[in-house]
Q: 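Questions regarding the structure given below will be posed in turn.
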Amino acid sequence: MIFNRWAALAVLIGALALPGLMGTAYAAEKPGHNHVAVGNHNGNANHTTISNLLASANWIKVVNANADHNNTSVENEHSNGNGTSVGNHHADHNDTAVSNDHSNANSTSVSNVHANHNNSAVSNNHADHNGVTVSNTHANANDSAVSNDHSDDNAVSVTNTAANGNNTAVSNDDSDHNGVAVTNNHGDHNDTAVQNDDSDHNAVVVSNTAADHNDTAVSNHESDHTTSVVSNVASNGNDTSISNNHAVGSTTVVSNNSANNNDTSVSNNGVSNSTTVVAGNGSYHNTTTVANSGDGNTVVVTNKG
């Protein structure tokens, strides 16, 4: 009986002391600074899931080499300063999803090299100062989607090099001071869509170099002081559509140089003090349409030789 009373007392003391001990441990050691590396080599149908909750300054690297039909999911929730790198090398039919939720100053890199039919999705929700890079090199039929929701000061770069049939979508919703760059080099039949909704001071640059039959759509809805640049250099059969709705001080530049059979449409609806420049040098059979509804707008269209 004496032993049982002492045992019960010890359990009671431990139960009372445990919350204090746990609080002290969490205060002394902040979760984070973890390194995670996952490699799938010559392996198919693998599933990789990595989650950081309330953990900062972590480094994550996932590589699928000669591996097909893999799914990779990385989630950083309320976590700052994390670096995520996902590489698909000679790997087809892979899905990659990276989510930064309420997380700031994170960098995300997704690389598809000689990889076809891959889907890449990166989402920054209520996350600021994040950098996203998606690269498709010698990769065909890949879809890339980047979404910044209520996020400021983010940079997004999507590059399709010698890649055909790729779709790129970037959305900035209620996000300011974001930069978006999409490059299609020697890539045909690629579609690019960039949307800035209620977002100010954003810059969008889309470059199609020696790329044919690419469609580019940029929409700035109630977004002020936004710059949109689309360049079709030595590219044929490309359609470019830029819409500035209820926006102030927007700048739109479309360049068709040595490019034929391209259609360009710029719509400024309820827009004031905007500048639109469309240039076609050494080009033929191009169509340019600019519609302005507002005050103080400037339009320059030049076709030279």
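Values in this document were obtained by computation on a predicted structure and should not be read as measured data. By convention here, the first residue in the shown sequence is residue 1.
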Q: Decide whether N257 and N281 meet the rule of one side-chain donor and one side-chain acceptor closer than 3.5 Å.
A: yes

Q: If every non-hydrogen atom of S199 is compared with every non-hydrogen atom of S175, which pair is closest and at what distance?
A: CB-O, 2.5 Å

Q: Hey, are the side chains of D152 and N154 touching, using non-hydrogen atoms and a 4.5 Å cut-off?
A: no

Q: Tell me whether V36 is reachable from V74 by hopping between hydrophobic residues (I, L, V, M, F, W, Y) whose side-chain heavy atoms are closer than 4.5 Å.
A: yes

Q: Does any N or O in the side chain of N178 come within less than 3.5 Å of the main-chain N or O of A203, such that one atom is a donor and the other an acceptor?
A: no

Q: For N94 and N70, does a side-chain donor sit closer than 3.5 Å to a side-chain acceptor?
A: yes

Q: May I have the step-by-step check of side chain to side chain donor-acceptor pair (under 3.5 Å) for N245 and S243, ending in yes or no?
A: CA-CA 6 Å; N245 294 323; S243 176; 3.2 Å; yes

Q: Check whether any side-chain heavy atom of T161 lies under 4.5 Å from a side-chain heavy atom of H186, and answer yes or no.
A: no

Q: By the definition side chain to side chain contact (heavy atoms under 4.5 Å, CB included), identify the one residue from V146, V132, T168, V194 that meets it with V180.
A: V194

Q: Classify the side-chain pair N172/N148 by whether it contains a donor and acceptor separated by less than 3.5 Å.
A: yes

Q: If you compare all heavy atoms of H150 against all heavy atoms of D128, which two are closest, and at what distance to 0.1 Å?
A: O-OD1, 4.2 Å

Q: Kindly give the heavy-atom pair with the smallest separation between D198 and D176, and that separation in Å.
A: O-OD1, 4.3 Å

Q: For N130 and N106, indicate whether the former's side chain and the latter's backbone hold a donor-acceptor pair under 3.5 Å.
A: yes

Q: Are N184 and N208 close enough that a side-chain donor and a side-chain acceptor fall under 3.5 Å?
A: yes

Q: Donor-acceptor pair, N190 side chain versus A163 backbone, under 3.5 Å?
A: yes

Q: Please step through side chain to side chain donor-acceptor pair (under 3.5 Å) for the pair N260 and S283, ending with a clear verdict.
A: CA-CA 5 Å; N260 306 317; S283 305; 4.8 Å; no

Q: Going from CG on N261 to OH on Y284, what distance comes out if it is rounded to the nearest 0.5 angstrom?
A: 6.5 Å

Q: Would you compute the distance between atom OG1 of T264 and atom CG of D239 and round it to the nearest 0.5 angstrom?
A: 8.0 Å

Q: Determine the minimum heavy-atom distance between A139 and A115, stating which atoms define it.
A: CB-O, 2.7 Å

Q: Could you tell me the separation between the NZ atom of K61 and the CD1 atom of I50, rounded to the nearest 0.5 Å?
A: 12.5 Å

Q: I'd like to know if the side chain of S219 pairs up with that of N196 as donor and acceptor (distance under 3.5 Å, no hydrogens or angles considered).
A: no

Q: Is the ring pair H138/H114 parallel, tilted or perpendicular, if the boundaries are 30 and 60 degrees?
A: parallel

Q: With a 3.5 Å distance limit and no angle check, can you tell me whether S79 reaches the backbone of N52 through a side-chain donor-acceptor pair?
A: yes

Q: First locate atom CG of N66, then atom NE2 of H41, and finally report the distance between them rounded to the nearest 0.5 Å.
A: 9.5 Å

Q: Can N292 and N268 be counted as having a side-chain donor-acceptor contact under 3.5 angstrom?
A: yes

Q: Donor-acceptor pair, N238 side chain versus H213 backbone, under 3.5 Å?
A: yes

Q: Check whether any side-chain heavy atom of N46 sits under 4.5 Å from a side-chain heavy atom of N71, and report yes or no.
A: no

Q: Under the criterion side-chain contact (heavy atoms from CB on, under 4.5 Å), I'd like the reasoning laid out for V254 against I242: C-alpha separation, chi angles, the key distance, then a yes or no.
A: CA-CA 9 Å; V254 179; I242 299 178; 3.8 Å; yes

Q: State plainly whether one hydrophobic cluster holds both V110 and V113, where clusters connect Ile, Leu, Val, Met, Phe, Trp and Tyr through side-chain heavy atoms under 4.5 angstrom apart.
A: no

Q: Can you find a side-chain donor-acceptor pair between N286 and N256 that sits under 3.5 Å?
A: no

Q: Check whether D215 reaches the backbone of D191 with its side chain - one donor and one acceptor, N or O, closer than 3.5 Å.
A: no

Q: Under a 3.5 Å cutoff, is there a donor and acceptor pairing between the side chains of S99 and D101?
A: no

Q: Does S56 reach the main-chain N or O of N80 with its side chain, forming a donor-acceptor pair under 3.5 Å?
A: yes

Q: Out of curiosity, does V230 fall in the hydrophobic cluster containing V299 (side-chain heavy atoms, cut-off under 4.5 Å, transitive links)?
A: yes

Q: Looking at N164, N88, N112, which one forms a side-chain hydrogen bond (donor to acceptor under 3.5 Å, both in side chains) with N136?
A: N112

Q: Tell me whether S258 contacts the main-chain N or O of A234 through its side chain, where contact means a donor paired with an acceptor under 3.5 Å.
A: no

Q: Has the side chain of S103 got a donor or acceptor atom that lies under 3.5 Å from a matching backbone atom of N76?
A: yes

Q: So H225 and D200, do their side chains get closer than 4.5 Å, heavy atoms only?
A: no

Q: Which heavy atom in S151 sits nearest to a heavy atom in N124, and how many Å separate them?
A: OG-O, 3.1 Å

Q: Strictly by modelled atom types, are D92 and H117 linked by a side-chain donor-acceptor pair under 3.5 Å?
A: no

Q: Please tell me if the side chains of T240 and N232 come closer than 4.5 Å, counting only heavy atoms from C-beta onward.
A: yes

Q: As a quick check of understanding, evaluate side chain to side chain donor-acceptor pair (under 3.5 Å) for N244 and N220, giving each step before the final call.
A: CA-CA 5 Å; N244 299 313; N220 299 315; 2.8 Å; yes

Q: Look up atom OG in S274 and atom CG in D224, then write down how far apart they are to the nearest 0.5 Å.
A: 11.5 Å

Q: Honestly curious: do V206 and V278 fall in one hydrophobic cluster under the side-chain, below-4.5 Å linking rule?
A: yes

Q: Going only through I, L, V, M, F, W and Y residues with side-chain contacts under 4.5 Å, is there a path from V271 to V253?
A: no

Q: Nearest 0.5 Å, what's the NE2-CG distance between H69 and N64?
A: 12.0 Å

Q: Is there a side-chain contact between I60 and N82 in this structure, where contact means two heavy atoms from C-beta onward sitting under 4.5 Å apart?
A: no

Q: Going by atom types alone, do D295 and S272 pair a side-chain donor with an acceptor below 3.5 Å?
A: no

Q: Mark yes or no for whether N142, through its side chain, and N118, through its backbone, hold a donor-acceptor pair below 3.5 Å.
A: yes

Q: Could you tell me which non-hydrogen atom of G237 sits nearest to which non-hydrogen atom of N262, and how far apart they are?
A: N-OD1, 3.1 Å

